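No hydrogens, no waters, no symmetry mates; every other heavy atom, side chains included, goes into these values. Keep in mind that what you see is a predicted model, and the values were worked out from it rather than measured.
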Amino acid sequence: MIDIQNTPDNREIPLKKVGVKGVRYPVTVLDKANGKQQTTATVDLFVNLPHDFKGTHMSRFIETFHDYHDNLEMKQFLKMLGEMRRVLNAERAFGELRFPFFIEKYAPVTKKAGMMGYDCSYGGEVSETESRFWVSAKVPITTVCPCSKAISERGAHNQRGIVTVKVENTSFFWLEDVIKAVEDAASCSLYSVLKREDEKFVTETAYDNPRFVEDMVREVYLSLKNFKAEKPFSYFSIECENFESIHNHNAYAFTEYKAK
């Protein structure tokens, strides 16, 4: 049959990205405690398209991704993009996975177990001469307002927040360690199971460690700058959004780092 996608195009307009978006697929990612974790990802896969090609072959994205979906550690993810670039005769390949990632977490006093879920993503870009890989995680935390604590005779207002970190590195690191670095910077981390003894601990711990959004971003910055990995992060960004309990708006802070 005729291959329409492979026919010439005379408009002389190259396209930076063409491909498939919003593909839902079962995947397997690395898990520090259990070796591997199965989850469901929403996947975007693209390549560039030269000006003289009419279209790309959409089915080849899924065929290639399927060959790798049961092992998507960083090296395999970049290998998959390299294979996609070759199969589709492209100069560059791009990919992103968005998935829920689960960590079993124990209550601080009673040690009751529960699962915490985090919205995470992998992303990458591969050409013949270079590759990039990044990981992002949204980490829920709790913060106590330092101002409220300083000016109030009784108590201080607190709120949940979301810290979103994006780190770039082509050496190995554990996603769980990035998440823990964020949680350790908060007034207190969150838990899915809390008995009364645990709730007392969380309340008092948070009260003893007040944080503005500015504090959160700066503390996480220091943790990521000194993160223990095979190589330092070449780039990272941090944003914190607090869902204020006494305002009808959210508090927000953002910063980023790029190695020179």
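- In this structure, D31 CG and K36 NZ are separated by 11.5 Å, a value rounded to the nearest 0.5 Å.
- Judged purely by atom type and a 3.5 angstrom limit, N250 has no side-chain atom pairing as donor or acceptor with the backbone of E241.
- A 6.0 Å sphere centred on NZ of K79 holds no more than 12 heavy atoms belonging to other residues, nucleotides or ligands.
- Aromatic rings of F227 and F236 (six-membered ring for Trp) have centroids beyond the 6.0 Å cut-off, not under it.
- Side chains of H66 and E63 form no contact here, defined as non-hydrogen atoms less than 4.5 Å apart.
- Side-chain atoms of T40 never come within 3.5 Å of backbone atoms of Y25 as a donor-acceptor pair (strictly under, hydrogens ignored).
- Remark: side-chain polar atoms of S245 are paired, donor with acceptor, to backbone N or O of N158 under 3.5 angstrom.
- Counting only distance, with no hydrogens or angles, the side chain of S131 and the backbone of V126 share no donor-acceptor pair below 3.5 Å.
- Contact annotation: the side chain of R218 approaches that of E214 to within less than 4.5 Å [non-hydrogen atoms, C-beta and beyond].
- Scanning all heavy atoms of the two residues, the minimum distance from T142 to C188 falls at CG2-O, 3.0 Å.
- Geometrically, K17 engages F94 in a cation-pi contact, judged by NZ or CZ lying under 6.0 Å from the ring centre and within 45° of the ring axis.
- At a threshold of 4.0 Å, the pair E176-K32 does not count as salt-bridged, since none of the basic side-chain nitrogens sits closer than that to a carboxylate oxygen.
- Ring centroid separation for the pair Y122 and F133 comes in under the 6.0 Å cut-off.
- W174 has its side chain within reach of L30: a pair of non-hydrogen atoms, C-beta onward, lies under 4.5 Å apart.
- The shortest side-chain heavy-atom distance between L15 and N48 does not fall under the 4.5 Å cut-off.
- We find that D198 and K111 are not joined by a salt bridge, their nearest charged nitrogen and carboxylate oxygen being 4.0 Å or further apart.
- Note on ring orientation: taking the six-membered ring where Trp is involved, the planes of Y252 and F254 are parallel (angle under 30°, cut-offs 30° and 60°).
- Side chains of E219 and Y221: no donor on one and acceptor on the other come within 3.5 Å.
- Here the straight-line distance linking atom CD of E91 with atom OG1 of T129 works out to 10.0 Å at 0.5 Å rounding.
- Side-chain N or O atoms of R85 include one that pairs as donor or acceptor with a backbone N or O of A90 at under 3.5 Å.
- Residues L224 and V167 meet the side-chain proximity criterion, which asks for heavy atoms closer than 4.5 Å.
- Tested against Y235 for a side-chain hydrogen bond (donor to acceptor under 3.5 Å, both in side chains), the candidates E168, K166, E256 yield a single pass: E256.
- In this structure, a donor-acceptor pair under 3.5 Å is present between the side chains of T143 and N242.
- No side-chain heavy atom of I141 sits under 4.5 Å from any side-chain heavy atom of R160.
- When only modelled atom types and interatomic distance are considered, K105 and S189 share a side-chain donor-acceptor pair under 3.5 Å.
- In this structure, the separation between CE on M116 and OG on S192 is 6.5 Å, given to the nearest 0.5 Å.
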### Worked check of salt bridge (Lys or Arg N to Asp or Glu O under 4.0 Å) between E204 and K200
CA-CA 6 Å; E204 294 174 347; K200 178 179 186 297; 3.0 Å; yes
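- Taken to the nearest 0.5 Å, the CZ atom of F243 stands 13.5 Å off from the NE2 atom of H249.
- Ionic pairing of K228 and D177 is not present here: no N-O contact between side-chain nitrogen and carboxylate oxygen is shorter than 4.0 angstrom.
- Checking side-chain atoms of D119 against main-chain N and O of F99 turns up no donor-acceptor pair under 3.5 Å.
- Side-chain contact between V165 and V220 is present, with at least one heavy-atom pair separated by less than 4.5 Å.
- Within the 6.0 Å centre-distance limit, the rings of F233 and F173 are counted as a close aromatic pair.
- Judged purely by atom type and a 3.5 angstrom limit, Q37 uses its side chain to pair as donor or acceptor with the backbone of F102.
- Judged by distance alone, with hydrogens and angles left aside, the side-chain atoms of R60 form no donor-acceptor pair with the main-chain N or O of M84 at under 3.5 Å.
- Taking the six-membered ring for Trp and thresholds of 30 and 60 degrees, H69 and F65 have ring planes inclined between 30 and 60 degrees apart.
- Put simply, the side chain of S171 gets close to the backbone of K231: a donor and an acceptor are under 3.5 Å apart.
- Taken to the nearest 0.5 Å, the CD atom of E96 stands 8.5 Å off from the NZ atom of K21.
- A donor-acceptor distance shorter than 3.5 angstrom exists from the side chain of T39 to the backbone of P100, with no hydrogens or angles considered.
- Distance check, rounded to the nearest 0.5 Å: OG of S237 to NZ of K258 gives 12.5 Å.
- Checking S187 against N209 by side-chain atom types alone, no donor-acceptor pair falls below 3.5 Å.
- Taking 4.5 Å as the limit, every side-chain heavy atom of Y106 sits out of range of all side-chain heavy atoms of V193.
- Ion pairing between E183 and K180 fails under the 4.0 Å rule for side-chain N and carboxylate O.
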